[in-house]
Amino acid sequence: MATRSKIIPAKKANPQQNPVKAVIRRYGSDSFKYCEKDRFTIVEGEPMHGGEGVDRIIFFYCPMKWSDSEKQLNATERKKVFQTVGEYLDKKKIKWKFSYWR
């Protein structure tokens with residue numbers, strides 16, 4: 001008599017174990033696009049040359065809206081976006097700083 005093997009169902013992914021991965025891409029020559037959960041926002045910046053000692057300026061007070069809802073990012077979301085963009089620039093070994101005016 002043949003025996004059947006037991007099929008073990010795959011475990012469901014726990015959202016806390018697998019956080020949503022954000023993706024950072026260059027957007028044009030100056031800005032960056034932060035993508036997560038099928039939506040994105042644009043982080044404005046500017047390449048620098050010369051005596052500043054940095055390669056890129058990121059504008060901290062740039063207006064930021066989600067592409068899917070056109071809602072402004074709240075303070076927590078903005079902090080997360082800027083943190084992720086900063087980590088991306090550090091990983092690429094790009095010297096950068098925030099500019100608090102535009």
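Fair warning: this is a prediction, and the values are worked out from it, not measured in the lab.
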Note, Trp96 side chain near Ile57 side chain (heavy atom, < 4.5 Å) = no

Between Phe60 and Tyr100, ring centroids under 6.0 Å = yes

Check: Cys35 and Lys33 side chains under 4.5 Å, non-hydrogen atoms = yes

Check: Pro63 and Glu44 side chains under 4.5 Å, non-hydrogen atoms | yes

Does CZ belonging to Phe82 count more than 12 external heavy atoms closer than 6.0 Å?
-> yes

Shared hydrophobic cluster, Ile42 / Ile24 (ILVMFWY, side-chain heavy atoms < 4.5 Å) | no

Output yes when a side-chain donor or acceptor of Ser67 lies under 3.5 Å from a complementary backbone atom of Phe40, and no otherwise.
-> yes

Rounded to the nearest 0.5 Å, how far apart are NZ of Lys71 and OG1 of Thr41?
-> 14.0 Å

Measure from NZ or CZ of Arg39 to the centre of the six-membered ring of Trp66 and say whether it is under 6.0 Å with the direction within 45° of the ring axis.
-> yes

So, Asp55 side chain and Lys95 main chain: donor-acceptor pair closer than 3.5 Å or not?
-> yes

Within a strict 4.5 Å, meaning less than it, do heavy atoms of the Tyr34 and Arg25 side chains meet?
-> no

First locate atom CD1 of Ile58, then atom NZ of Lys97, and finally report the distance between them rounded to the nearest 0.5 Å.
-> 12.0 Å

Counting only N and O atoms by type, is there a donor-acceptor contact under 3.5 Å from the side chain of Arg56 to the main-chain atoms of Leu89?
-> no

Hey, does the side chain of Arg78 reach the backbone of Val81 with a donor-acceptor pair shorter than 3.5 angstrom?
-> no

Which value, rounded to the nearest 0.5 Å, describes the distance between Lys65 atom NZ and Cys62 atom SG?
-> 12.0 Å

Taking the side chain as every heavy atom from C-beta outward, state whether Met64 and Val43 have any pair of such atoms under 4.5 Å apart.
-> yes

Same cluster for Ile94 and Val23 if Ile/Leu/Val/Met/Phe/Trp/Tyr side chains link at under 4.5 Å?
-> no

Would you check, one step at a time, whether the test ring-ring contact (aromatic ring centres under 6.0 Å, His included) holds for Phe98 with Phe59?
-> CA-CA 6 Å; Phe98 283 123; Phe59 297 118; over 10 Å; no

Taking atom CG of Asp38 as the centre, report whether more than 12 heavy atoms of other residues, nucleotides or ligands fall under 6.0 Å from it.
-> no

